[in-house]
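Below is one structure, written out as structure tokens; comments come after it.
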Amino acid sequence: MRSVLVVGAGFAGAVFARTLAEAGYHITVIDKRHHIAGNAYDEVDATGTRVHVYGPHLFHTSNMGVVKWLSRFTEWLPYRHFVDALLPSGQLAPLPINKTTLERFFNVSLDGEGSVNNLLAAQAVGISNPANAAEYLNSRLGRELTDTFFRPYTKKMWDLDLEDLDASVVKRIPLRADDNRDYFPDDTFQGLPADGYTELFRRIFDHPSIEVHLNESFDRSREQFYDYTFNSMPIDEYFGFCEGDLPYRSIKFHTRIQDVGDETGASVLNFTDSGPYTRETYWRRLPGHAVKPSSVQPVTREEPCDYRDNNFERYYPVKRSDGASTLLYDKYKALAMEIEGRTAFIGRCGTYQYLDMHQVINQSLQKANKWLMERGEKVEANVN
Ligand SMILES: O=c1ccn([C@@H]2O[C@H](COP(=O)(O)OP(=O)(O)O[C@H]3O[C@@H]([C@H](O)CO)[C@H](O)[C@H]3O)[C@@H](O)[C@H]2O)c(=O)[nH]1
């Protein structure tokens, strides 16, 4: 039987492993961590609460092909994600910025979308072709809102000023003229896997032609034993950092246990101050996450840092406005092309892209099916 090595047991690796196993390949998955599910790994803690060990993973997409594929392995708990921002005044305001946010921030009453748009137009700075995150935000929100909601948070998150960050990063956060406070308003499907992400991955890997080896690091000498390798490790590390280090941010997670109190608030609170933390997550406010009754709950704060200060855990590729990190990645991409006959790079770290879960799954399904078709294999109907 033809054999394929998959490096990394996160979403990219899981999609490749399952798709190729179902097409008749024997798959060996290795992961250097002690668990499957990559950064989506979750577990139930001593308080009986499901915690996402690498920060909140909230599934959202408009790609029903991706939902259909995942739904083979899980039921869903409906969920719409809301976030509150803690303002310097101590007030809470909805994020993304919407009508309520503006009313609280400016202490005014706005009678409809027209008034909201007038207020924003009065704030906005005229910039026709924004070249970075600062210019993009200033052109839509003006300086006061930008410097409150985005500047300190972005400095903590990326260790960059907004001027040095690519605008695409902050474009992830929509702007609303109404009272809709949905964090992902454009996505038609949102939900959380009913039995958690780790169980979802266990079911994806549960196939007679897939073997998973944990606590096992990749070594290039291994590739010779397989017909092909799909590798989700950081591409610069694979090539021995020969062109230089690709910049990544990481997160240190600080979990405290506190009494369960009024649990009607948003599950995530973002901090607008310039202290070390970006946000905190109240896990028991997520559906299905209060697995057992408890009088206490975990609350997790996130402290961004350079990945070298966090055990080389790379979470976020850094997209600079000057394009420097993309240019560096392009050099590694050129090296990858030279070995594409035997190895392909996949996922966030393999392709150096700031991708959400549904994007990783979609890209992986597409690429796995393309790879199979190139080998004359019959494939399932493509997702888009
Ligand atoms: O209060 C804020 C929030 C964000 N920014 C800036 O926007 C960037 C993107 O933010 P976001 O998409 O929230 O970043 P992230 O990839 O960490 O989001 C994931 O976390 C959860 C969820 O958002 C938790 O509430 C979701 O599953 C993912 O999308 C951010 O980096 C900042 O530069 C800001 O300035 N202020």
Side-chain angles (χ1 to χ4, degrees), residues 11 38-40 42 51-52 54-61 79-88 92-98 101 105 132-134 136-138 140-141 143 145-175 181-187 189-193 197 247-253 265-275 277-283 285-286 289 299-305 314-321 348 353-361:
F11 267 117
N39 285 354
D42 58 17
V51 171
H52 305 182
Y54 303 97
H57 281 66
L58 312 158
F59 186 76
H60 58 97
T61 188
Y79 175 65
R80 303 298 299 188
H81 188 48
F82 300 135
V83 173
D84 273 330
L86 179 61
L87 297 174
L92 294 181
L95 193 85
I97 291 172
N98 69 6
T101 316
F105 187 74
N132 55 52
Y136 171 77
L137 290 167
N138 284 332
R140 303 205 69 203
L141 301 170
R143 294 209 164 83
L145 289 164
T146 296
D147 290 350
T148 302
F149 287 89
F150 289 91
R151 190 171 289 283
Y153 188 105
T154 292
K155 183 71 184 164
K156 293 181 270 192
M157 177 66 213
W158 300 102
D159 195 26
L160 288 177
D161 291 324
L162 282 168
E163 286 72 10
D164 299 320
L165 186 70
D166 194 85
S168 62
V169 177
V170 293
K171 281 184 186 171
R172 291 166 58 87
I173 313 295
L175 171 64
R181 54 169 311 185
D182 217 319
Y183 207 73
F184 311 113
D186 300 329
D187 284 326
F189 182 90
Q190 292 183 44
L192 296 169
Y197 286 99
Y248 280 95
R249 294 296 279 170
S250 189
I251 309 277
K252 291 179 185 165
F253 298 98
S267 49
V268 172
L269 178 65
N270 282 16
F271 300 118
T272 57
D273 66 6
S274 50
Y277 306 110
T278 44
R279 61 190 179 196
E280 64 184 17
T281 303
Y282 292 74
W283 301 105
R285 294 180 184 175
L286 294 171
H289 283 53
V299 178
T300 304
R301 280 193 174 187
E302 297 181 33
E303 179 189 4
C305 59
R314 300 162 177 89
Y315 299 154
Y316 292 88
V318 180
K319 212 159 176 215
R320 297 181 55 99
S321 55
R348 245 194 200 202
Q353 292 178 86
Y354 184 6
L355 299 171
D356 288 334
M357 290 181 282
H358 66 106
Q359 294 167 318
V360 171
I361 295 163

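One-based numbering along the sequence shown. Remember, it's 1-based here, ligands and their atoms both numbered in the order they're listed. Every heavy atom of this structure was used, including side-chain atoms; hydrogens, water molecules and symmetry mates were not.
In terms of the side-chain hydrogen bond (donor to acceptor under 3.5 Å, both in side chains) criterion, residue partners of D147 (sequence neighbours excluded) are, by chain and number, R151. S267 is linked by a side-chain contact (heavy atoms from CB on, under 4.5 Å) to Y79, H81, R285, L286, counting only residues two or more places apart in sequence or in another chain. Taking the side-chain hydrogen bond (donor to acceptor under 3.5 Å, both in side chains) definition, one finds that R279 meets it with E302, sequence neighbours left out.
Checking side-chain atoms of H52 against main-chain N and O of A40 turns up no donor-acceptor pair under 3.5 Å.
Surrounding NZ of K156 are more than 12 heavy atoms belonging to other residues, nucleotides or ligands, all under 6.0 Å away.
Between the side chains of R172 and Y354, a donor-acceptor pair is found at a separation under 3.5 Å.
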Are there any protein N or O atoms under 3.5 Å from the N or O atoms of ligand 1? List them with distances, or say none.
{"unit_1": "ligand 1", "atom_1": "1 (O)", "unit_2": "N270", "atom_2": "ND2", "d": "2.9"}
{"unit_1": "ligand 1", "atom_1": "12 (O)", "unit_2": "R172", "atom_2": "NE", "d": "2.8"}
{"unit_1": "ligand 1", "atom_1": "12 (O)", "unit_2": "R172", "atom_2": "NH2", "d": "3.2"}
{"unit_1": "ligand 1", "atom_1": "13 (O)", "unit_2": "Y183", "atom_2": "OH", "d": "2.6"}
{"unit_1": "ligand 1", "atom_1": "14 (O)", "unit_2": "Y354", "atom_2": "OH", "d": "3.2"}
{"unit_1": "ligand 1", "atom_1": "16 (O)", "unit_2": "R172", "atom_2": "NH2", "d": "3.2"}
{"unit_1": "ligand 1", "atom_1": "16 (O)", "unit_2": "Y354", "atom_2": "OH", "d": "2.5"}
{"unit_1": "ligand 1", "atom_1": "17 (O)", "unit_2": "R279", "atom_2": "NH1", "d": "3.1"}
{"unit_1": "ligand 1", "atom_1": "17 (O)", "unit_2": "R279", "atom_2": "NH2", "d": "3.1"}
{"unit_1": "ligand 1", "atom_1": "17 (O)", "unit_2": "Y316", "atom_2": "OH", "d": "2.7"}
{"unit_1": "ligand 1", "atom_1": "20 (O)", "unit_2": "R279", "atom_2": "NH1", "d": "3.1"}
{"unit_1": "ligand 1", "atom_1": "20 (O)", "unit_2": "R279", "atom_2": "NH2", "d": "3.2"}
{"unit_1": "ligand 1", "atom_1": "25 (O)", "unit_2": "H81", "atom_2": "NE2", "d": "2.8"}
{"unit_1": "ligand 1", "atom_1": "29 (O)", "unit_2": "R172", "atom_2": "NH2", "d": "2.8"}
{"unit_1": "ligand 1", "atom_1": "31 (O)", "unit_2": "W158", "atom_2": "NE1", "d": "2.9"}
{"unit_1": "ligand 1", "atom_1": "33 (O)", "unit_2": "T154", "atom_2": "OG1", "d": "2.9"}
{"unit_1": "ligand 1", "atom_1": "33 (O)", "unit_2": "W158", "atom_2": "NE1", "d": "3.3"}
{"unit_1": "ligand 1", "atom_1": "35 (O)", "unit_2": "F150", "atom_2": "O", "d": "3.2"}
{"unit_1": "ligand 1", "atom_1": "35 (O)", "unit_2": "T154", "atom_2": "OG1", "d": "3.2"}
{"unit_1": "ligand 1", "atom_1": "36 (N)", "unit_2": "F149", "atom_2": "O", "d": "2.9"}

